Amino acid sequence: MFQPDAEAMSTDERRGLQETRLVGLVDRLLAADGPQAAALTGAGVSAAADASLDELAALPTTTKSDLWDAYPFGHVAVARDELATVHGSSGTGGRPTLVGYTEADLAVWGEVCARSLGCAGATPSSTVHNAYGYGLFTGGLGMHYGGRALGATVIPVSGGMTERQLRLLGDIGSDILCCTPSYAVYLGEALAAAGADAPDLSGLKAGLFGAEPWTDSLRQRIEDLLGVVALDIYGLSEVIGPGVATECLEAQDGLHVNEDHFLAEALEPDSPNPVPDGRPGELTFTTLTKTGMPLLRYRTGDVASLHRGPCECGRTLVRMSKVSGRIDDMLVLRGVNVYPSAIESVLLADARLAPHYQLVIDRRGPLVRAALLCESPQSQAAIAGELTEALRQRLGIHLDVHVLDPETLPRWEVGKAQRVVQWHDGPAPFAVLEGA
Ligand code: DLL
């Protein structure tokens with residue numbers, strides 16, 4: 001553990017810390033007199049002492065559209081010259097979101113990302129191969145600061161140039177790999193394709209894969225391809241970036257949320273109330289210690305459940321399940337609700353299929369239809385039939401399944417995989433769907 005005092009703190013002591021920090025946060029928000037101060041006074045909280053953890057559900061929530069309404073810097077709570085840097089997300093299908101960080105925020109970010117690396121077994125003697133993109137995206141620099149805070153050696157490779165990545169991994173002998181899960185698959189396939197010329201990656205022990213949803217089935221594929229323990233790391237720019245929550249090497253069972261900095265709730269849809277622990281809800285975070293752009297009860301749109309109780313690694317932090325999807329990604333197919341991740345699980349249970357797929361949501365007619373495009377070198381018609389049946393039996397949905405030749409579907413060497421394609425009108429997004 002990078003910070004055992006914080007990560008393994010007794011839950012009572014942590015609650016006391018959270019309580020104090022919540023009051024401090026509300027104080028900062030009221031003093032900043034921005035949109036969240038208006039929401040607080042609107043909810044009857046005009047003094048920081050009025051806020052308490054017991055009454056958390058009475059405090060206002062914040063949404064992405066609140067951030068857009070105050071774009072770019074309306075939620076910044078310090079003088080502009082106190083901002084050390086700005087990151088953000090390009091907002092696939094939406095508008096960009098910008099997040100300002102003070103020096104203090106950057107220090108916290110380094111610490112929580114160092115904790116994530118610690119979850120993967122990294123130590124100051126580790127070498128971290130960081131293939132998350134460097135730039136406005138938080139993945140690259142966040143894990144970079146984490147590696148530096150840990151005292152490890154960071155290789156700032158960023159995304160792309162796969163052949164060079166493999167060579168560096170072998171030559172340097174890095175023990176920790178950081179990248180998206182889809183890129184981990186890509187690297188693993190490139191390694192397998194290199195055959196006898198493949199570099200020796202036996203030094204690689206664990207990977208921290210995140211920034212996009214992925215399933216336990218994909219974990220298995222990555223572990224087989226790269227010979228690493230594959231761990232999930234979660235985060236979002238608005239809250240800080242990577243380092244919000246991470247799975248541990250010991251249990252690989254739920255992501256430990258750094259809740260001394262990011263108070264976690266799972267909320268009922270369209271309601272300020274939490275769901276019971278263990279049930280899926282909308283992940284919502286309060287940034288207890290942030291100063292640049294602190295957020296109260298920020299609704300992430302990501303769906304997961306929270307679990308309390310001891311973990312074999314010794315951390316006492318609340319754990320979140322893997323993210324099953326984003327609220328707005330949920331598909332309703334003939335009345336059945338399903339997240340793309342459930343489809344991924346069924347697909348990857350069949351070892352004959354490659355871990356690449358595209359889900360096309362055909363919204364041209366009154367009835368939403370969906371097609372699943374995947375790849376296999378063998379018995380394509382038979383596999384398509386079996387997969388259609390497996391999806392019907394396990395998820396109760398009907399998809400038009402197309403099994404294509406290997407290497408036909410898109411790959412993402414840089415950035416996040418876009419597995420779901422919306423088809424509203426115009427030509428088919430993939431030739432195989434022409435005439436559908
Ligand atoms: O993706 C931060 C990050 C970088 C996390 C590197 C982990 C590793 P954004 O670009 O703002 O920040 O995107 C945040 O990505 O709301 C989720 O929908 C999704 N996401 C991030 N991590 C995971 C994950 C970074 N482990 C959005 N599982 C979030 C599922 C994830 N979804």
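Below, each value reflects all heavy atoms present in this structure, side chains not excepted, and no hydrogens, waters or symmetry copies. First listed ligand is number 1; within each ligand, the first listed atom is number 1. For clarity, every value in this text was computed on a predicted model and none was experimentally measured. Residues: numbered from 1 along the sequence shown.
With hydrogens left out, the protein atom closest to atom 25 (C) of ligand 1 is Gly235 O, 3.6 Å, a heavy atom. Scanning the protein for heavy atoms near atom 29 (C) of ligand 1, the closest one is Asp302 OD2, 3.2 Å. Closest protein heavy atom to atom 28 (N) of ligand 1: Glu212 O, 3.3 Å. Of all protein heavy atoms, the one lying nearest to atom 15 (O) of ligand 1 is Lys416 NZ, 3.2 Å. Here the protein heavy atom with the shortest distance to atom 19 (C) of ligand 1 is Ala211 O, 3.7 Å.
Looking only at atom types and distance, the side chain of Thr162 has a donor-acceptor partner in the side chain of Glu413 under 3.5 Å away. Side-chain N/O atoms of Ser182 and Glu212 include a donor and acceptor closer than 3.5 Å. With 3.5 Å as the limit, one finds a donor-acceptor pair spanning the side chains of Asp224 and Gln220. In this model, a donor atom of one side chain and an acceptor atom of the other lie less than 3.5 Å apart for Glu189 and His356.
Side chain of Asn258 to backbone of Gly243: a donor-acceptor contact under 3.5 angstrom is found. Without hydrogens or angle criteria, Lys322 side chain to Pro213 main chain gives no donor-acceptor distance under 3.5 Å.
Atoms of ligand 1 found under 4.0 Å from any heavy atom of Arg326, numbered from 1 in the order shown, are 16 (O), 18 (O). When each atom of ligand 1 is checked for a heavy atom of Asp232 under 4.0 Å away, the hits are 24 (C), 26 (N). Near Ser89, with a cut-off below 4.0 Å to any heavy atom, the atoms of ligand 1 are 10 (O), 11 (O).
Considering backbone and side-chain atoms together, Leu255 places no N or O closer than 3.5 Å to any N or O of ligand 1. Polar contact with ligand 1: present for Ser237 (N/O pair, distance under 3.5 Å).
The part of Thr138 lying near ligand 1 is the side chain, judged by heavy-atom distances below 4.0 Å. Here Met143 has no heavy atoms under 4.0 Å from ligand 1, in either its backbone or its side chain. Contact annotation for Pro242 and ligand 1: heavy atoms of both the backbone and the side chain come within less than 4.0 Å of the ligand.
For the residues Leu236, Leu141, Leu283, the heavy atom positioned nearest atom 12 (O) of ligand 1 is part of Leu236.
How far OG1 of Thr102 is from CG of Leu83: 7.5 Å, rounded to the nearest 0.5 Å.
Using cut-offs of 30° and 60° on the angle between ring planes, the pair Tyr134 and His144 is perpendicular.
No more than 12 heavy atoms of other residues, nucleotides or ligands shown are found within 6.0 angstrom of CD on Glu103.
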